Amino acid sequence: MCGMASAESTQASVHEREPVRPTKEDEVAAAGSELIGGPLGRHALLGSSWWSPVRVIALVAIGMFALGLVQKAPCYDGAWFFGASSQYTHACYSDIPHLYQGRGFADGLVPYFDRLPGDMQYLEYPVLTGVFMEVASWLTPGSGTIQHQEQWYWMVNAGMLMVCAAVIVVCVTRTHARRPWDGLLVALAPTAALTATINWDLLAVALTAAAMLMWSRGRSLAFGVLLGLATAAKLYPFLLLGPLMVLCWRAGRWREFGTALGGAIVAWVVVNGPVMLFAFEGWSKFYTFSQERGVDFGSFWLIMAQNSDDPLSTDTVNTLATLLMLVCCAAVAALALIAPRRPRFAQLAFLIVAAFILTNKVYSPQYVLWLVPLAALARPKWRDFLIWQACEVAYFLGIWLYLAYTTSGDAHKGLPTDGYHWAIGLHLLGTLYLCVMVVRDIFMPDRDPVRRSGDDDPSGGVLDGAEDVFVLGPAARPRKHVADAQFDGPPVEWGKPGPTGGSL
């Protein structure tokens with residue numbers, strides 16, 4: 001390419017350069033750093049202190065997690081147990097203490113095998129999450145009042161989930177080797193602190209983050225195994241296989257994708273197989289419940305239903321939501337094949353999970369946790385990240401105030417239905433805004449914060465610097481060197497063979 005160095009030497013030089021400093025390239029990060037003394041100076045000694053980025057970010061994440069526990073204190077002291085609406089007015093609701101007795105853990109029932117009393121006949125969570133819940137119940141003292149046991153159960157789960165939170169930030173920090181400080185986006189995300197102990201989603205998020213780290217290091221089998229385990233804990237992680245398949249198609253990396261797919265299937269079967277074989281009715285409850293569940297909180301389907309005299313049936317909504325999601329999948333696949341430069345894996349991973357959230361018939365407030373690590377990898381820009389987080393915090397407050405309104409009787413203390421619809425709208429617009437920014441980065445790589453720093457796809461593993469073998473549309477035309485674009489930053493080549501595995 002016009003006398004430029006080979007892709008191998010370019011990649012080597014990329015990895016030899018010093019880490020990217022967000023205070024140097026991000027104006028919001030630079031302004032925020034004034035709280036701790038300002039941006040890092042040119043003559044600062046990097047890597048000479050025990051306080052490495054990974055350790056600092058992990059401690060920040062644990063501190064934010066602790067603040068989230070403090071935010072739940074009004075509920076821990078009584079709102080979970082006394083008064084229907086007080087846990088909503090204090091915005092400290094959690095499923096965890098309520099399900100300790102409601103799903104049979106207090107009575108020693110075995111998830112999926114033992115039938116539950118009441119309307120919910122079996123535990124309605126995927127198997128690995130059920131195992132997590134069961135282990136926490138083993139660590140919960142069985143003496144004392146049921147309130148005392150539920151408080152302990154929440155605390156035990158909180159301790160286990162804190163480990164998951166630490167794993168997430170460490171994995172995100174290490175995924176982009178030259179951009180470790182992007183992990184602060186995850187560590188300082190207000191919604192992560194607010195929603196971490198509402199449910200058990202952090203388990204799946206941690207496994208997914210670990211899978212992304214393994215793929216970035218070229219370990220496709222480990223990626224597949226971890227993603228299969230994540231899918232055994234929550235449904236959404238399997239969506240990442242779709243964008244990965246299209247990217248591997250474009251780069252001709254079918255062997256690595258096959259290894260990842262095989263690892264994911266085997267890991268999922270190992271976890272689910274025994275329960276599926278010996279307790280099929282209990283195992284299938286998660287899937288039947290998801291299908292039979294009506295339109296619920298947080299979705300645009302709810303706005304339509306509450307403003308319609310003849311709302312759509314659940315079956316119709318299921319069909320339409322599935323069709324919308326398939327359209328989004330096709331759009332993401334087309335984007336991957338026609339983009340002028342192969343999109344980064346994290347970008348498409350964010351888009352596909354965001355599409356699932358936007359089209360789904362329910363959006364629980366803790367679902368934001370699915371997107372936080374992916375957003376930090378896909379669009380590490382503090383301004384856009386904080387705009388999105390502000391919208392999600394507004395929704396977090398909106399849903400609890402709406403539930404306070406609906407459970408406070410004639411007093412109607414809280415947010416009425418119209419106000420809640422505005423909160424849903426903010427959540428939808430905030431997520432769409434971040435999606436638009438990511439799509440813009442894909443079509444205009446010179447605006448992508450990661451590629452402006454001179455990298456190709458640091459989370460791409462074998463895709464990083466790989467040659468394109470199948471493209472469509474304008475992307476099939478000869479590409480220019482990124483140095484031809486008008487922006488400041490070190491050059492990087494793409495479309496030529498890179499180092500095998502793209503390891504860090």
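What you are looking at is a predicted structure, and each value in this text was computed from that prediction instead of being measured. Side-chain atoms are counted along with the backbone in the values below, which use heavy atoms only and exclude waters and symmetry mates.
Contact check for L335 versus L351: side-chain heavy atoms found under the 4.5 Å cut-off. Between L377 and P373, the closest side-chain pair of non-hydrogen atoms is not below 4.5 Å. Annotation: side chain of M325 is in contact with side chain of L239 (closest heavy-atom distance under 4.5 Å). Residues T406 and Y88 fail the side-chain proximity criterion, which asks for heavy atoms closer than 4.5 Å.
Not a single donor-acceptor pair under 3.5 Å links the side chain of S459 to the backbone N or O of T175. Between the side chain of Q151 and the main chain of Y76, a donor-acceptor pair closer than 3.5 Å is present. Although no hydrogens or angles enter the test, the distance criterion places a donor-acceptor pair under 3.5 Å between the side chain of S284 and the main chain of E281. With S364 contributing its side chain and Q366 its backbone, the two residues share no donor-acceptor pair below 3.5 Å. With hydrogens and angles ignored, the 3.5 Å screen pairs no side-chain donor or acceptor of Y402 with any backbone N or O of L397. Although no hydrogens or angles enter the test, the distance criterion places a donor-acceptor pair under 3.5 Å between the side chain of R250 and the main chain of A336. Within the 3.5 Å criterion, the main-chain N or O of H148 finds a donor-acceptor partner in the side chain of T145. A distance-only check finds no donor-acceptor pair linking the side chain of S299 to the backbone of V295 [under 3.5 Å]. Looking at D464, its side chain never comes within 3.5 Å of a backbone N or O of G460 through a donor-acceptor pair. Checked by atom type and distance alone, the side chain of Q149 pairs as donor or acceptor with a backbone atom of G144 at under 3.5 Å.
Between W283 and Y287, the ring planes are tilted. Angles from 30° to 60° get that label. Ring geometry for W388 versus F350: interplanar angle over 60°, hence perpendicular rather than tilted (30 to 60°). Ring planes of Y395 and Y363: tilted class, angle from 30 to 60°.
In this structure, N318 CG and E292 CD are separated by 9.5 Å, a value rounded to the nearest 0.5 Å. For the atom pair CZ of F289 and CG of L123, the computed distance is 10.5 Å after rounding to the nearest 0.5 Å. A distance of 10.5 Å separates CZ in F105 from CH2 in W138, rounded to the nearest 0.5 Å. To the nearest 0.5 Å, the span separating CH2 on W154 from OG1 on T140 amounts to 12.5 Å. Atoms CD and CD1, on Q389 and I387 in that order, are 11.5 Å from each other to the nearest 0.5 Å. Taking NE2 from H421 and CD from Q306, the interatomic distance works out to 3.5 Å, rounded to the nearest 0.5 Å.
In this structure, F396 and P365 approach most closely via the heavy-atom pair CD1-CB, 4.3 Å. Shortest non-hydrogen contact noted between A354 and C435 is CB-SG, 3.6 Å. Across T197 and A158, no two heavy atoms sit closer than the pair CG2-CB, 4.1 Å. When every heavy atom of G183 is checked against every heavy atom of V172, the shortest pair comes out as CA-CG1, 4.2 Å. The two residues P380 and A376 come nearest to each other via the heavy atoms CB-O, 3.3 Å. The heavy-atom pair separating L348 from P243 by the smallest distance is CB-CB, 3.6 Å.
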Start with the C-alpha distance between Y125 and W200, add both sets of side-chain angles, then the distance that settles ring pair (Phe, Tyr, Trp, His ring centres under 6.0 Å), and finish with yes or no. CA-CA 10 Å; Y125 287 87; W200 292 270; 5.6 Å; yes
Do L227 and W268 pass the side-chain contact (heavy atoms from CB on, under 4.5 Å) test, and can you show the C-alpha distance, the side-chain angles, and the key distance before you say yes or no? CA-CA 9 Å; L227 197 71; W268 187 90; over 6 Å; no
N157/F132 under side-chain contact (heavy atoms from CB on, under 4.5 Å): CA gap, chis, key distance, verdict: CA-CA 9 Å; N157 275 280; F132 191 94; 3.6 Å; yes
Begin with the C-alpha distance, continue with both residues' side-chain angles, and end with the deciding distance and a verdict on side-chain hydrogen bond (donor to acceptor under 3.5 Å, both in side chains) for T316 and S313. CA-CA 5 Å; T316 301; S313 67; 2.9 Å; yes
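Under a 4.0 Å N-O distance rule, the pair K361/D296 does not qualify as a salt bridge. Salt bridge D448/R344: present, at least one basic N to carboxylate O contact under 4.0 Å. Ion pairing between a basic and an acidic side chain is recognised when a charged N comes within 4.0 Å of a carboxylate O; D384 and K381 show no such pairing. For the pair D457 and R342, the salt-bridge criterion is not met [side-chain N within less than 4.0 Å of a carboxylate O].
R440 CZ: more than 12 foreign heavy atoms inside a 6.0 Å radius.
Test Y420, Y93, Y405 against W400 for ring-ring contact (aromatic ring centres under 6.0 Å, His included) and you get one pass: Y93.
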